[in-house]
There are 2 protein chains.
Amino acid sequence: MSPKQQRGEATVDLLLTTALRVYAESGQQGFTVNAIVAASGVSLGSLYHHFGSFDGLAAALYIRCMDQLCDDMVASLTRCRTARTGIRTWVASYLRFTRENRDIALFLHASAYSGYLVAHAEEIGAAKAAKFAAITDWLRVRVERGEIAALPAPVIEVLVMGPVTEVARRWLSSTYEIDLAEVTRLLPDLIWRSLRPDQDGAEPRSRTTA
Amino acid sequence: MSPKQQRGEATVDLLLTTALRVYAESGQQGFTVNAIVAASGVSLGSLYHHFGSFDGLAAALYIRCMDQLCDDMVASLTRCRTARTGIRTWVASYLRFTRENRDIALFLHASAYSGYLVAHAEEIGAAKAAKFAAITDWLRVRVERGEIAALPAPVIEVLVMGPVTEVARRWLSSTYEIDLAEVTRLLPDLIWRSLRPDQDGAEPRSRTTA
DNA sequence: ATTCAACTAGAGGAAGATTCTAGAAACAGG
DNA sequence: CCTGTTTCTAGAATCTTCCTCTAGTTGAAT
């Protein structure tokens, strides 16, 4: 299972990094084996030796990018105790990650429907679920404490991730003009509004009880 | 400018309709000129006579689908007077459209980054902006009346469209399991919460003034 | 009858994913 | 240090797929 030589690991890394750069520079059109091979200097044989197919490389890259994003989000989220700061931090960290890792964000958004990961859909789904488990747990605890409105987990996820991914999409597409700084200032609070346990004047239970 | 024969219009329509069906059945992979030609019975030359290129057909299909969606949303929205019902109806209508027109929604979501519309990006952008103008106007009026929080237009759009498109994405991908009926029941109110002018007990101005 | 849009059929050719064979580099045991 | 084995690299050749173009036909309108 584990490689007996570590020279391959470096080429794998080089290939993935180059692939991401190629995608960022040339878009979906130019995202091809030849381009990646040419840009990386690695041979075609090496590529197929390590990934088996082009889709294999794309799937590996997708998983690698998603892991980075998820690790970043989970780290930000789990550092927070209260629901309010947690949600706000979650939102802010996604936007920050997008700004600081444009290439990764672009690839993630574009690949969602891109077809080259249909073959590895199960694998990717599993990886994503594993990473999201930490987030779901964090949310469940706060919902049980009454710090977040009693909603199904998917609805909460959608209310947070929805606006944020939409902003990212627009910022990445560069046809819209989005003031990312302003949005980062406004969104966390606005999203939190839709998740507060109740809005009719009652104080959050964390103050009155426990 | 106007066609001297109207037989072409029928062919164009047949091609677009078939293309959508092919996409729904075969996905990105099977979305090719040959497949469309075979499924429609129209000849390859005809296709090129009308659309000039494969990308041309894809762009035309994209615009047609987007028009349908936008017209539906605009019709639902402009029928509403108050901000609250408007926003809630907007959300509900998008979800209803997605449920009732799965193929269209799928194509729209998947094509966003798909690369075959890069060539016609300007054209598409213009068409989209034109359709969205009605929505933006509707929003501006309500913001000026104080019925909606004083936020930049993009932020409002993102808060509404974000969660809704995210739900659609999940429902379409079929790896997530989304209870669309339940979401349709919950989301409109939740989204409205993030847009209400203020949440600290003050009544909406429409009641106290004017 | 002429004209022009609409259409048909099929060839051409480019591009890209994959396979294959050959060889270099690391590793293990003697 | 030598040798067999596995991992890895190399790049040409292949095979498939798909977009585009050309040349010619049909048929409605004037």
Side-chain angles (χ1 to χ4, degrees), chain A residues 1-23 25-62 110-111 114-120, chain B residues 1-23 25-62 110-111 114-120:
Chain A
M1 275 300 182
S2 63
K4 305 217 170 166
Q5 298 181 22
Q6 58 274 61
R7 139 180 80 138
E9 204 165 340
T11 38
V12 164
D13 220 66
L14 175 59
L15 280 171
L16 291 178
T17 303
T18 308
L20 186 63
R21 202 185 65 232
V22 167
Y23 191 94
E25 287 170 359
S26 316
Q28 200 91 264
Q29 307 282 349
F31 191 52
T32 129
V33 265
N34 292 328
I36 295 168
V37 163
S40 66
V42 175
S43 80
L44 214 48
S46 270
L47 192 156
Y48 275 85
H49 175 71
H50 289 293
F51 295 106
S53 71
F54 180 68
D55 291 4
L57 182 147
L61 179 56
Y62 184 83
S111 298
S114 279
Y116 35 62
L117 35 71
V118 228
H120 305 75
Chain B
M1 277 300 181
S2 65
K4 304 216 167 165
Q5 298 181 21
Q6 59 275 64
R7 135 178 83 134
E9 204 166 339
T11 310
V12 166
D13 221 65
L14 175 60
L15 280 171
L16 291 179
T17 304
T18 307
L20 186 62
R21 202 184 66 232
V22 166
Y23 190 94
E25 287 171 358
S26 316
Q28 201 91 263
Q29 308 281 349
F31 190 53
T32 144
V33 266
N34 291 327
I36 294 168
V37 163
S40 66
V42 177
S43 80
L44 212 47
S46 241
L47 191 156
Y48 274 86
H49 175 70
H50 290 293
F51 295 105
S53 72
F54 179 68
D55 290 4
L57 182 146
L61 179 57
Y62 184 84
S111 299
S114 279
Y116 35 64
L117 35 71
V118 249
H120 305 76

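A, B, ... follow the sequence lines: proteins, then strands. Residue 1 opens every chain.
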### Query
So, is B:T11 close to the C:dC7 phosphate, meaning a side-chain N or O under 4.0 Å from OP1 or OP2?
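It does, given that an N or O in the side chain of B:T11 lies less than 4.0 Å from OP1 or OP2 of C:dC7.
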### Message
Taking only side-chain N and O atoms of A:H49, does any of them lie within less than 4.0 angstrom of OP1 or OP2 on D:dT9?
### Response
no
### Task
Could you walk me through whether B:V118 and A:Q28 pass the side chain to side chain contact (heavy atoms under 4.5 Å, CB included) test, one step at a time?
CA-CA 10 Å; B:V118 249; A:Q28 200 91 264; over 6 Å; no
Nearest-angstrom distance from the residue atom [atom1] of [X] to [atom2] of [N]:
X	N	atom1	atom2	value
A:E9	D:dT7	CD	P	15 Å
B:F51	C:dA6	CZ	P	12 Å
B:I36	D:dT17	CD1	P	17 Å
A:L57	C:dG16	CG	C1'	15 Å
A:Q29	D:dC18	CD	C1'	14 Å
B:Y116	D:dC18	OH	P	14 Å
B:D13	C:dC7	CG	P	12 Å

Can you pull every protein N or O that's under 3.5 Å from an N or O on nucleotides 17-19 of chain C?
| residue | atom | partner | partner atom | Å |
| --- | --- | --- | --- | --- |
| C:dA17 | OP2 | A:T32 | OG1 | 3.1 |
| C:dA17 | OP2 | A:V33 | N | 2.8 |
| C:dT18 | OP2 | A:Y48 | OH | 2.9 |
| C:dT18 | OP2 | A:F54 | N | 2.8 |

### Message
Quick check: do B:Y116 and B:L57 have side-chain heavy atoms less than 4.5 Å from each other?
### Response
no
### Query
Can you tell if the side chain of A:L16 reaches within under 4.5 Å of the side chain of A:F51, non-hydrogen atoms only?
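A:L16 vs A:F51: side chains touch.
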### Task
Select one nucleotide: of C:dA6, D:dG11, D:dC8, the one nearest the side-chain heavy atoms of A:S43.
D:dG11
### Query
Which pair of heavy atoms, one from B:Y23 and one from B:F31, lies closest together, and at what distance?
CD1-CG, 3.6 Å
### Query
For B:L61, which of B:I36, B:T17, B:T18, B:L20 qualifies under side-chain contact (heavy atoms from CB on, under 4.5 Å)?
B:L20
### Message
Which residues pass the side chain to side chain contact (heavy atoms under 4.5 Å, CB included) test with B:V42, not counting sequence neighbours?
### Response
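By the side chain to side chain contact (heavy atoms under 4.5 Å, CB included) rule, B:V42 matches B:T11, B:L14, B:L15, B:S40, B:S46.
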